[in-house]
Amino acid sequence: MHRSGGAPAGRSRRRIGGAAARGVLSVLLLSGAVASPAPPARAQAAGSEPLEPAAVLRALTFDESGRLAGPAARDFWERVFRNDRVPENPERELGRIDPTPLVDAAFVLAATCTGPPEIGRARLRALAFVQRVFREPRVADLPAVLAAARGVVRYPMLMLSTERMGIGDPRVYMSLARAARRFDEITQPLRLRDALSQFQGAVALVERARLAGTLTPDTAGAALLALAAMPMTREGSFDGAVAGWLADQLLPRLGVPRAFSFESNVTDQRLLAALAGASAGESPVVDWEGLRYRFDPRLAQFERFLLVRGRLGGNHLDAVLALWALTADLTTGVRAAGDLPPLVERLEASVGGIREPNVGLYVPGMRNVPYAELVRPLVEEMREMAGRGRLRGLPRVVERLRYVVDVLVADLLRTLPYVVHLANAYGAAALGNDIAARHEFGVRIANREDRMRAPWTMPRGRPAPPPPFHVLGEFWIAPDEDPYTLAWHVYGGLMSLDLALAPLYLSRLSGVIPPAEPAFTVPEEEHFARGVALFNPAAATPEQVATIAEAVRRGRARVRGLAGDTAAVADVAREIRLSAERRNDFAWVLRNRPHAVDRFFSRSEMFWLGLRGGRPPAGWGAPAVWLEECLCMRIPAPDAWDLSTSPAGLLASRFAELQLALAEAVDDLALPAPIVADLLPIATRELLDGVRATYAGDVTDAGGTYPGAGEALDLRSRRGRFAALVRYVHGLPRSRIEDYVATLVGPGRPLRPVE
């Protein structure tokens with residue numbers, strides 16, 4: 001049985017793991033820092049369960065003296081934990097802090113494990129976030145770091161998605177967190193929905209452009225600073241400011257020229273091309289099975305974008321920005337009534353260019369009206385003003401048009417994140433063309449505190465009764481006896497929307513039949529699907545693939561050469577922190593099955609044995625979402641933790657085998673490094689289908705009944721699932737990976753015949 005966990009060894013700064021963590025924990029329990037032992041690890045899957053103290057220590061990094069790495073003044077963290085309100089003036093809130101005493105493990109456990117679980121988890125999120133993003137902040141940056149730490153508690157997906165972009169400037173986090181505060185004051189649900197759609201949709205576009213490599217961290221940070229600085233009224237109106245940000249801030253940074261028109265969609269397509277990825281010059285040529293292919297993932301992504309864009313519909317960016325430009329001209333370019341006629345003609349022409357938004361234009365009384373019905377009275381009013389030579393009513397016309405621009409931009413920026421993320425999904429057409437309109441921020445939640453937090457939580461896809469988007473302002477509740485009226489929604493934020501859609505990325509090859517008794521439930525599979533969503537092909541390099549492949553090969557060679565070398569066995573056991581039980585198992589394997597000794601270790605363990613003190617490539621491995629809530633990937637270092645009964649979320653956060661196996665195969669087959677992103681969804685789906693349920697946590701045999709017998713149908717009580725995953729990857733034949741490559745040929749796929 002395989003057991004493993006995660007913490008790098010032999011470094012000045014390290015995670016406390018294995019025996020070290022248990023030793024620290026024992027001292028803390030005896031000293032009274034922690035009131036009572038934590039429940040078993042599988043309780044971590046539920047957000048309402050208390051945190052396990054040992055898991056908390058594993059999630060953070062401490063130096064050799066036991067001090068928390070990063071900002072470690074206890075006074076600083078006590079001020080962070082005082083409340084979750086993002087201060088308008090962080091300098092005043094922070095004041096003068098006492099640099100001593102420092103935060104140690106006892107303080108961390110007392111802050112995270114002794115109170116309500118939801119508070120403990122939020123504090124752990126803040127501690128881990130600040131450690132990752134602001135490892136060595138300047139004293140002058142501490143007020144901004146405090147605002148960011150409060151922000152990741154209050155508005156988690158806003159801060160975590162910004163971290164995902166690789167932005168390290170504390171000012172960006174502080175500005176975004178303070179901007180998010182303004183949404184707490186909006187009371188009208190539809191106004192709040194439109195405001196959130198504009199702001200979060202804009203952040204989502206920057207996030208996608210950054211991950212695609214089109215924006216650098218600096219340019220993405222500058223765009224976000226400009227977004228956070230936009231004015232917004234207390235009622236939630238941007239008065240066209242977000243459209244102006246798109247035209248003046250985002251598009252120029254993406255290299256998209258200004259060419260707005262009611263009759264064109266060129267700007268819309270250029271934006272999608274920029275979001276598909278940065279141009280990398282000549283695409284590499286791949287020789288495969290006697291034929292030559294050009295590997296062009298950017299073109300394939302763009303083709304899929306266009307397909308989904310056409311299906312979801314809505315207004316093109318060109319038309320929306322043309323209306324915004326017209327509104328701006330009415331505001332600043334009209335000095336006399338004689339200036340109105342050409343602008344009246346442009347507004348009248350917009351009736352033929354503006355499509356009805358998926359969520360309509362509403363007027364007081366919550367009645368939807370067509371765009372033409374709303375605009376034509378404004379056209380007549382402007383003509384009357386031109387005829388009379390008086391502009392007294394023009395501000396009212398401009399105000400009404402700004403409202404229309406806000407609604408159209410909200411609809412557009414709610415749709416575009418779905419376009420770029422549904423493009424990689426399989427079977428997405430079954431979700432309906434109004435999937436973006438069904439996005440649920442939670443703006444009608446009765447409890448005010450929950451209503452303020454809901455839009456900033458991690459997006460999750462769930463079935464629920466569809467709201468009546470044709471009659472805004474009311475909810476239609478499906479009758480309990482009719483299960484077919486449920487519609488699939490995404491709940492939470494628009495940022496990092498791929499996390500909610502990740503299960504749709506896992507595609508099956510034809511002829512593959514799922515097992516009758518799977519090892520993981522459908523909700524549990526979502527943890528593994530996140531690893532597919534978080535892997536960024538734009539950041540994958542040939543050097544990374546070569547590093548991984550060579551480390552695994554060296555580690556495998558070391559393991560195979562262990563027979564008869566007692567000193568080498570001891571070195572290996574120490575390096576990968578084998579538990580006493582696994583040392584005994586390893587000794588038995590060496591004596592009785594020396595030919596299969598490399599199958600005893602996971603690929604992650606062989607990777608670390610072969611890396612020999614080097615740095616693992618960034619962006620590869622397992623998703624670190626489970627406890628630390630980091631939207632990142634890492635190759636977990638081995639330790640002595642027992643994973644045999646762990647929950648699926650923890651297993652997924654420790655399981656890097658499949659990515660390492662694909663990297664090794666790609667290196668062997670001389671394929672481009674980013675192709676791993678195209679192989680990973682298929683391989684992950686077959687992994688989850690190929691690992692069958694092992695055995696229940698408690699069994700009945702001839703020797704008697706063990707506690708919990710009869711729970712065999714509850715997959716959460718299954719044991720040995722991590723070992724089964726490792727065995728599956730060890731047995732994955734190279735020919736099957738070659739089959740995966742063969743599926744990547746064709747339209748919307750990255751391999752194109754050179755002819």
Side-chain angles (χ1 to χ4, degrees), residues 2-7 15 17 38-60 112-113 117-118 120-122 124-125 128-129 156-157 160 164 457-462 491-492 496 498-503 505-506 518-535 602 604 621-636 639 641-659 684-685 687-688 691 693-694 697 714-726:
H2 184 88
R3 296 171 174 84
S4 183
R15 296 174 187 273
R42 69 167 167 253
Q44 302 294 318
S48 60
E49 297 293 339
L51 286 168
E52 183 181 8
V56 170
L57 296 180
R58 287 174 56 202
L60 299 173
T112 58
C113 299
E118 61 274 11
R121 290 174 184 276
L124 176 60
R125 184 195 311 140
F129 169 79
M157 286 311 296
L160 296 175
R164 189 180 180 186
T457 57
M458 183 176 295
R460 298 178 184 275
R462 295 291 183 268
Y491 294 85
S496 294
D498 49 346
L499 294 177
L501 302 173
Y505 297 169
L506 308 184
F520 298 94
T521 64
V522 172
E524 287 178 326
E525 289 181 352
E526 190 171 343
H527 296 289
F528 293 90
R530 288 172 180 166
V532 175
L534 291 174
F535 183 81
S602 70
S604 296
V625 181
W626 178 70
L627 189 62
E628 299 166 62
E629 298 189 31
C630 178
L631 307 185
C632 57
M633 307 286 287
R634 65 169 62 108
I635 302 175
D639 61 22
W641 287 85
D642 183 357
L643 294 176
S644 60
T645 59
S646 297
L650 176 55
L651 296 185
S653 73
R654 306 292 301 157
F655 184 72
E657 313 305 299
L658 193 56
Q659 281 198 24
T684 302
R685 179 69 271 165
L687 166 78
L688 296 173
V691 176
T694 50
D714 183 1
L715 296 183
R716 291 171 300 177
S717 67
R718 300 284 180 176
R719 294 179 181 269
R721 294 190 292 179
F722 191 82
L725 292 168
V726 171

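Just so it is clear, the structure is predicted and the values come from calculations on it, not from any experiment. Computed from heavy atoms alone, side chains included, the values below leave out hydrogens, waters and symmetry copies.
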* Structure fact -> Contacts of Met633 meeting side-chain contact (heavy atoms from CB on, under 4.5 Å) (sequence neighbours excluded), chain-then-number -> Leu534, Pro623, Gln659
With rounding to the nearest 0.5 angstrom, report the [atom1] to [atom2] distance, [X] to [Y].
| X | Y | atom1 | atom2 | result |
| --- | --- | --- | --- | --- |
| Glu526 | Leu499 | CD | CG | 8.5 Å |
| Leu650 | Trp641 | CG | CH2 | 9.5 Å |
| Leu631 | Arg530 | CG | CZ | 9.0 Å |
| Leu725 | Leu688 | CG | CG | 7.5 Å |
| Leu57 | Leu51 | CG | CG | 11.0 Å |
| Asp639 | Arg58 | CG | CZ | 5.5 Å |

* Mark yes or no for whether Arg634, through its side chain, and Ala624, through its backbone, hold a donor-acceptor pair below 3.5 Å. => no
Indicate the atoms forming the closest heavy-atom contact of [X] with [Y], along with that distance.
| X | Y | value |
| --- | --- | --- |
| Leu506 | Ala529 | CD1-CB, 4.0 Å |
| Ala652 | Ala622 | O-CB, 3.3 Å |
| Ser604 | Glu657 | OG-OE2, 2.6 Å |
| Glu524 | Ala519 | OE1-O, 4.2 Å |
| Asp498 | Ala533 | OD2-O, 3.4 Å |
| Thr457 | Gly492 | OG1-CA, 3.7 Å |

* Verify side chain to side chain contact (heavy atoms under 4.5 Å, CB included) between Cys632 and Arg164, making sure each step is shown before the conclusion. => CA-CA 7 Å; Cys632 57; Arg164 189 180 180 186; over 6 Å; no
* Run the side chain to side chain contact (heavy atoms under 4.5 Å, CB included) check on Leu124 and Leu60 step by step: do they pass? -> CA-CA 9 Å; Leu124 176 60; Leu60 299 173; 4.0 Å; yes
* Asked: For Phe528, which residues count as a ring pair (Phe, Tyr, Trp, His ring centres under 6.0 Å) partner, sequence neighbours excluded?
  ->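 Counting only residues at least two positions away or on another chain, Phe528 forms a ring pair (Phe, Tyr, Trp, His ring centres under 6.0 Å) with Phe520.
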* Test side chain to side chain contact (heavy atoms under 4.5 Å, CB included) on Ser653 and Leu627 and set out the steps. => CA-CA 9 Å; Ser653 73; Leu627 189 62; over 6 Å; no
* Asked: Considering residues at least two apart in sequence or located in another chain, which fulfil the side chain to side chain donor-acceptor pair (under 3.5 Å) criterion with Glu525?
  ->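 Listed in chain order: Arg685.
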* Considering only heavy atoms from C-beta outward, does the side chain of Pro647 approach that of Trp626 to under 4.5 Å? -> yes
